[in-house]
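Counting convention: from 1, in listed order, for ligands and their atoms alike.
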Amino acid sequence: MFENLSDRLSGVFDRLTKQGALSEDDVRAALREVRVALLEADVSLPVTRDFVKRVQKKATGASVTKSITPGQQVVKIVHDELIAMLEGEGDPGALKIDNPPAPVLMVGLQGSGKTTTTAKLARRLSEREGKRVLMASLDTNRPAAMEQLAILGTQIGVDTLPIVKGQSAVDIAKRAKQQATLGGYDVYLLDTAGRLHIDETLMDEVLAVRNAVSPRETLLVVDGLTGQDAVNVAAEFDGKIGVTGVVLTRMDGDGRGGAALSMRAVTGKPIRFVGLGEKTDALETFDPKRVAGRILG
Ligand code: GDP
């Protein structure tokens, strides 16, 4: 497993007993450890470099008080800087779903956890926020995916749009909008089709759906364990269809969460939620402090 960054940094500073200001040499030694730890946590190289520079600026000459060791001081600077880089504006869990019925578009690659996340979000909105929620699967190529959403809907007590064979994704989206309006729903979640790779057909279909319903939120679901790939997927989806937020799934796995740091830095898009398991209650609002703690170890 990974060596803990906090321990590594303390190790560097154990040799230094002096108090006072952090010298350039002290900081340089610590930054080497930060750099290796971030790369091991799957943070991309450019983001790691940028981060190390930021810490260097803050740490050089920073005064070390008697109450903490130089190691603790650097750990604090690294921790604070991680949070600053991860943090978006406002509450990441607060979706813009006033003005009912509010359309929310769920996009992402097949296998990223999109359908599960749609159900998790529906459950959260209905149970915690008391919203009336409708879900619809637009995955016309995979009847099994449509059924999966219907089964999840039954499990969590959330309505799904009845399946009508032969309709296009746009047809289904329009039908969802109509049913949400007539049925007095607060929000309708559209689970778009996933593909194994990003392709033009997928993007064109998602664009057509987006144009048909003008979603209030477009949430991209990506597998948090895929690290740099997740960031590339996000950059492409955002460039083509524009996303308003990211959901990182499988954050219950072994990964160190470095994708989160790269995601925010590269795409500029806020991470809104994290998936922490297969069950429909395993969705949490993104918490920069927790992820920073995890990257630090
Ligand atoms: P989709 O093809 O993107 O719709 O993916 P699914 O929602 O069908 O999910 C694929 C698999 O990943 C399923 O077995 C899910 O139970 C699992 N999964 C989804 N989200 C998470 C998560 O946050 N953690 C874990 N451990 N598994 C997840």
Contacts under 3.5 angstrom, residues 178-188 side chains, donor-acceptor by atom type, not counting sequence neighbours:
unit_1, atom_1, unit_2, atom_2, d
Thr181, OG1, Lys177, O, 2.7
Tyr185, OH, Asp159, OD2, 2.5
Asp186, OD2, Arg132, N, 2.6

Quick one about Asp171 and Ser168 (side-chain donor to acceptor, distance below 3.5 Å, no hydrogens or angles considered), yes or no? yes
For a quick check under 3.5 Å, do Arg210 and Thr192 share a side-chain donor-acceptor pair by atom type? no
Using heavy atoms and a cut-off under 4.0 Å, could you grab the residues that are in contact with ligand 1, chain by chain, numbers ascending? Leu109, Gln110, Gly111, Ser112, Gly113, Lys114, Thr115, Thr116, Lys120, Arg142, Gln148, Thr249, Arg250, Asp252, Gly275, Leu276, Gly277, Glu278
Donor-acceptor pairs are to be reported for all side-chain atoms of residues 141-158 against protein atoms at under 3.5 Å, with residues two or more places apart or in another chain.
unit_1, atom_1, unit_2, atom_2, d
Arg142, NE, Asp139, OD2, 3.0
Arg142, NH2, Asp139, OD2, 3.1
Thr154, OG1, Ala150, O, 3.0

Lys/Arg-Asp/Glu bridge criterion (N-O < 4.0 Å) met for Asp238, Lys269: yes
Do any side-chain atoms of residues 83-105 form donor-acceptor pairs under 3.5 angstrom with protein atoms, and if so which ones, sequence neighbours left out?
unit_1, atom_1, unit_2, atom_2, d
Asp91, OD1, Gly93, N, 2.9
Asp98, OD1, Arg216, NH1, 3.2

